[in-house]
Trainee: 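If you scroll down you'll find the structure; I have some questions about it.
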2 protein chains.
Amino acid sequence: MTPARDRVLSTATRLFYAEGIHTVGIDRVIADASVAKATFYHHFKSKEDLVLAYLATEYGRQRTVLSAVPGTGLTRLAATLTKIADLSAGPGFRGCPFLNAATEYPDPATPVRQLVDEYRGWFRTLMFDLLTEAERPGAAEKADLLLLIRDGITIAGGLGDQAAVQAGLRTALAAV
Amino acid sequence: MTPARDRVLSTATRLFYAEGIHTVGIDRVIADASVAKATFYHHFKSKEDLVLAYLATEYGRQRTVLSAVPGTGLTRLAATLTKIADLSAGPGFRGCPFLNAATEYPDPATPVRQLVDEYRGWFRTLMFDLLTEAERPGAAEKADLLLLIRDGITIAGGLGDQAAVQAGLRTALAAV
DNA sequence: ACGATACCAGACAGATCTGTCTAGTATCGA
DNA sequence: TCGATACTAGACAGATCTGTCTGGTATCGT
């Protein structure tokens, strides 16, 4: 609702994603967002608070994007995987924000890491549910695999490796 | 040969891998390595120089480990993939050092990123050669896939996701 | 009209970062 | 024995980091 907070969050999202979390300082964020420092600390109690807000927003965005994929069962599953591959191969893609954040926060006890686990758990459940709906045998094992291939696709996409992205997508589609 | 340099490099390897590159400062490295600051800058011209030395060392280690895997063709390929999965599931594993470094250096033009590309290229070639030796059809596409699964296995292992590691290994073995 | 809230500019503290420099000791090959 | 090399301790510069604080203006609901 408040414009200054929104400006901070969208600026932080852009900078954190493009350049990494540790390399982008608060001063940089507030300068790019044209916001006073006191205003920033009025809305966020610390930098980590901003990082968590950034990831929570991304989490919501992902859920929105993937829940908008049409179809049911196998059709929707295939469309979902294709969507992810397309996004990962697109311009400006710099890897999965959650995997990137996990690398920058090596301690698994960190709130950031818990959010990453939550995100991956959500994706695994989504895969499991769609596999179950399609009455696929071994839904649990297949969901684990699709999660791993998703991770691999986002890594490959982030590194500009289009061949691996396509290989991953083909295998994911063949597995379901 | 020089003990101080070795101490710096092994300390940096331990700290960079466990805690990340940007979060570990030079002061921390030289303190843990019990080395004077002037000595550090005598052997390394900058922190980035140390980072590159760290990654180059890891690169060499990986080549040593995987070239020591016994067997030929399919047998060796399967043993190699199993070895990677075992290492990724082991204690103290915190993800692939190269993928971690790539996340911390988003600019693809960076020397660090070029080394990461070189590492992944080497692994892809290794897969391709073993597939070709085993007279597998579609070696190029399979090599792309095995590289992507390798990436996924190291990610899953770094996050403590044993189920995904096993799912990835099964699929990799089934694909060859 | 008034109180709370949102916002501004910018100084400031205290820590930490990379990298340089001074000044000196120890070792070792030629 | 001499000169190069490896090494020590630690001060220092200059930048940058997070977070606090002062002191104010503007907006808005009641």
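Numbered from 1 within each chain, the chains take letters A, B, ... in sequence-line order. None of these values were measured; they are calculated from a predicted model.
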Trainee: May I ask you to check whether His22(B) and Tyr105(B) place their ring centers less than 6.0 Å from one another?
Mentor: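 Under 6.0 Å, so yes.
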
Trainee: Using 4.0 Å as the upper bound for N to carboxylate O, is an ion pair formed by Arg28(B) and Glu19(B)?
Mentor: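 Yes, charged N to carboxylate O under 4.0 Å.
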
Trainee: Could you state the CD-P distance from Glu19(B) to dT16(C), rounded to the nearest angstrom?
Mentor: 14 Å

Trainee: Measure the distance from CD1 on Ile30(A) to P on dT18(D) and round it to the nearest whole Å.
Mentor: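 It is 10 Å, rounded to the nearest whole Å.
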
Trainee: What's the shortest heavy-atom distance between Pro106(B) and Arg113(B), and which atoms?
Mentor: O-NH1, 3.1 Å

Trainee: dA6(C) P sits how many Å from Asp6(A) CG, rounded?
Mentor: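 Between P of dA6(C) and CG of Asp6(A): 13 Å.
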
Trainee: Using atom CD1 of Ile26(B) as one end and atom C1' of dT16(C) as the other, report the distance to the nearest whole Å.
Mentor: 13 Å

Trainee: Check the distance between dT18(C)'s P and Lys45(B)'s NZ and give it to me in whole angstrom.
Mentor: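 That distance rounds to 15 Å.
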
Trainee: Among the nucleotides dC8(C), dT18(C), dC7(C), which one has an atom lying closest to any side-chain atom of Arg7(A)?
Mentor: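 Nearest listed nucleotide: dC8(C).
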
Trainee: Is it true that Arg124(A) and Asp161(B) have a side-chain N and a carboxylate O under 4.0 angstrom from each other?
Mentor: yes

Trainee: Could you give the CD-to-C1' distance, from Glu48(A) to dT18(D), as a whole number of Å?
Mentor: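 One finds 13 Å between C1' of dT18(D) and CD of Glu48(A), rounded.
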
Trainee: When you measure from every atom of DNA chain D, which of residues 33-44 of chain A have a heavy atom less than 4.0 Å away?
Mentor: Lys37(A), Ala38(A), Tyr41(A)

Trainee: With a 4.0 Å cut-off on N to O distance, would you call Asp32(B) and Arg7(B) a salt bridge?
Mentor: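 No, this pair does not count.
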
Trainee: Angle between ring planes, Phe98(B) versus Tyr59(B), binned at 30° and 60°: parallel, tilted or perpendicular?
Mentor: perpendicular

Trainee: What is the distance, rounded to the nearest whole Å, between atom CG of Asp27(B) and atom P of dT16(D)?
Mentor: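 Rounding to the nearest Å, CG of Asp27(B) and P of dT16(D) are 17 Å apart.
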
